[in-house]
Asks: 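Dumping the structure here so I can ask a few things about it.
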Amino acid sequence: MLELIRQVPLFAQLNDAQLEAVTAISTRRSFKAGTVLFAEKEIGSVFYMVLSGSVKIYTTGSTGEEKILSICKAGESFGELSLIDGKPRSASAQTLEDCMLLAITGQSFLDLLRTHFDISLGIMQELSHRLRDTNQQVYDLTFLDARTRVLKSLITMANKHGLRNGSIITIKLVLNFDEISQLASVQKTTLMQVIRDLEEKKILTLSPSDFKLDLAKLRS
């Protein structure tokens with residue numbers, strides 16, 4: 001368990017004694033794809049770290065439509081916010097594929113923050129990073145056209161979750177086209193138009209299990 005937790009960037013800088021403190025209150029849990037871990041507006045009780053697999057964080061509108069806020073993969077964490085401020089969950093979380101997660105209950109998590117400043121600092125840095133991401137999303141919605149938002153979302157997914165070989169980045173398709181359109185904040189018809197255009201220009205190659213993005217052709 002110690003080595004698993006050491007792989008999470010949030011805790012990568014901790015010494016062995018601090019990692020032991022995290023290990024002592026962590027539970028390793030496996031979840032099947034499609035499992036809702038928690039729902040928007042629930043009272044938060046657990047903080048999660050992803051060891052393998054991927055989890056989507058999303059909100060649901062009044063008519064039932066979803067908006068994906070982010071995708072968490074190995075080494076990333078989620079669920080901290082409602083434990084810290086005591087308010088209901090601001091979003092829902094659902095596994096996109098079979099996952100192995102580390103779970104820490106709310107009171108144990110708060111006790112950990114009180115006794116280990118390095119961990120508290122890491123959490124603050126992570127929340128600051130997410131705030132910057134939110135600000136960037138607001139900027140994108142305000143100033144970028146739909147095509148540019150699609151391109152930026154694909155590049156972000158590739159850079160964050162892809163495997164690079166020269167100018168080609170390969171990423172497994174854990175999201176369907178509906179979910180990618182939500183992530184880019186565009187209509188699905190617009191997404192498909194952009195994807196067809198990228199395929200025709202050999203910038204994007206789709207297969208049933210992944211997509212490949214050619215950065216050299218994208219730049220040209």
Asks: With a cut-off of 6.0 Å (strictly less than), are more than 12 heavy atoms of other residues, nucleotides or ligands near NZ of Lys152?
Replies: yes

Asks: With sequence neighbours left out, what residues match Glu66 under salt bridge (charged side-chain N to carboxylate O under 4.0 Å, His left out)?
Replies: Lys56

Asks: Within the distance-only criterion (no hydrogens, no angle test), does the side chain of Ser26 pair as donor or acceptor with the backbone N or O of Val22 below 3.5 angstrom?
Replies: yes

Asks: If every non-hydrogen atom of Gly44 is compared with every non-hydrogen atom of Ser82, which pair is closest and at what distance?
Replies: CA-OG, 3.3 Å

Asks: Between Phe78 and Phe38, what is the ring plane arrangement, given parallel below 30°, perpendicular above 60°, and tilted in between?
Replies: tilted

Asks: From Leu110 CG over to Leu83 CG, what is the distance, rounded to the nearest 0.5 angstrom?
Replies: 6.5 Å

Asks: Measure the shortest side-chain to side-chain distance between Val186 and Val194 over non-hydrogen atoms and say whether it is less than 4.5 angstrom.
Replies: no

Asks: Please lay out, stage by stage, how Asp16 and Arg6 fare under the test side chain to side chain contact (heavy atoms under 4.5 Å, CB included).
Replies: CA-CA 9 Å; Asp16 285 348; Arg6 195 189 303 274; 3.0 Å; yes

Asks: With no hydrogens and no angle check, do the side chains of Thr95 and Lys32 hold a donor and an acceptor under 3.5 Å apart?
Replies: no

Asks: Would you say Leu215 ends up clustered with Leu154 if hydrophobic residues are merged whenever their side chains have heavy atoms under 4.5 Å apart, either directly or through other cluster members?
Replies: yes

Asks: Does Arg164 use its side chain to pair, donor to acceptor, with the backbone of Gly166 at less than 3.5 Å?
Replies: yes

Asks: Given the rule that I, L, V, M, F, W and Y join up when any side-chain heavy atoms are under 4.5 Å apart, are Met157 and Tyr58 in one cluster?
Replies: yes

Asks: Check the side chains of Ser207 and Asp210 for a donor-acceptor pair under 3.5 angstrom, ignoring hydrogens and angles.
Replies: yes

Asks: Say whether, by atom type as modelled, one donor and one acceptor occur between the side chain of Lys67 and the main chain of Gln182 under 3.5 angstrom.
Replies: yes

Asks: In the structure I gave you, are the side-chain heavy atoms of Lys202 and Asp214 within less than 4.5 Å of one another anywhere?
Replies: no

Asks: Please report the interatomic distance CG(Leu121) to NE2(His116), rounded to the nearest 0.5 Å.
Replies: 14.0 Å

Asks: Please round to the nearest 0.5 Å and tell me the distance separating atom CG of Leu113 and atom OG of Ser108.
Replies: 11.0 Å

Asks: Taking the side chain as C-beta and beyond, is there a heavy-atom pair between Glu179 and Leu96 under 4.5 Å?
Replies: yes

Asks: Could you pull out the closest heavy-atom pair between Ser77 and Cys72, with the gap in Å?
Replies: O-SG, 4.1 Å

Asks: Please check: side-chain N/O of Glu40 versus main-chain N/O of Ser92, any donor-acceptor pairing under 3.5 Å?
Replies: no

Asks: Verify, without hydrogens or angle tests, whether Arg149 (side chain) and Ser185 (backbone) share a donor-acceptor contact under 3.5 angstrom.
Replies: yes

Asks: Say whether Ile43 and Ile57 are linked into one hydrophobic cluster, either directly or through other cluster members, by side-chain heavy-atom distances under 4.5 angstrom.
Replies: no

Asks: So which heavy atom on Ile171 is nearest to which on Ala158, and how close?
Replies: CD1-N, 4.2 Å

Asks: I'd like to know whether Val150 forms a side chain to side chain contact (heavy atoms under 4.5 Å, CB included) with Gln193, so could you lay out the CA-CA distance, the side-chain angles of the two residues, the decisive distance to 0.1 Å, and finally the verdict.
Replies: CA-CA 10 Å; Val150 171; Gln193 288 171 357; over 6 Å; no

Asks: Below 4.5 Å, heavy atoms only, C-beta onward: do Phe109 and Ile84 meet side chain to side chain?
Replies: yes

Asks: Report the residues that fulfil salt bridge (charged side-chain N to carboxylate O under 4.0 Å, His left out) with Lys201, sequence neighbours left out, ordered by chain and then residue number.
Replies: Asp197

Asks: Are Leu183 and Val55 linked, directly or through other ILVMFWY residues, by side chains that come within less than 4.5 angstrom of each other?
Replies: no

Asks: Within the supplied structure, the quantity of interest is the number of heavy atoms (other residues, nucleotides, ligands) at a distance under 6.0 Å from Arg28 CZ; does it exceed 12?
Replies: no

Asks: What's the shortest heavy-atom distance between Leu204 and Leu213, and which atoms?
Replies: CD1-CD1, 4.0 Å

Asks: Taking atom CG of Leu175 and atom CD1 of Ile71, what is their separation to the nearest 0.5 Å?
Replies: 4.5 Å

Asks: Is the shortest heavy-atom distance from the side chain of Phe47 to the side chain of Leu112 under 4.5 Å?
Replies: no

Asks: Inspect the surroundings of CD in Gln187 and state if more than 12 heavy atoms from other residues, nucleotides or ligands are less than 6.0 Å away.
Replies: no

Asks: I would like to know whether Ile155 and Leu218 meet side chain to side chain contact (heavy atoms under 4.5 Å, CB included); could you show each step before the answer?
Replies: CA-CA 10 Å; Ile155 292 170; Leu218 179 63; 3.5 Å; yes

Asks: Measure the shortest side-chain to side-chain distance between Glu97 and Lys73 over non-hydrogen atoms and say whether it is less than 4.5 angstrom.
Replies: yes

Asks: Looking at Ile168, is its backbone amide N or carbonyl O close enough to the side chain of Asn165 to form a donor-acceptor pair, meaning the two atoms are under 3.5 Å apart?
Replies: no

Asks: Could you tell me the separation between the OG1 atom of Thr35 and the CD atom of Gln94, rounded to the nearest 0.5 Å?
Replies: 7.5 Å

Asks: Decide if atom NZ of Lys172 counts as having more than 12 heavy atoms of other residues, nucleotides or ligands within a radius under 6.0 Å.
Replies: no

Asks: What's the spacing between Ile203 CD1 and Ile195 CD1 if we round to 0.5 Å?
Replies: 12.5 Å

Asks: Between Leu69 and Ala91, which heavy-atom pair has the shortest distance, and what is it?
Replies: CD1-CB, 3.9 Å

Asks: Could you check if a side-chain atom of Leu37 sits within less than 4.5 angstrom of a side-chain atom of Val46, using non-hydrogen atoms only?
Replies: no

Asks: Apply salt bridge (charged side-chain N to carboxylate O under 4.0 Å, His left out) to Lys160 and list each qualifying residue two or more places apart in sequence or on a separate chain.
Replies: Glu76

Asks: With the 4.5 Å side-chain cut-off for hydrophobic clustering, are Ile180 and Met192 part of the same group?
Replies: yes

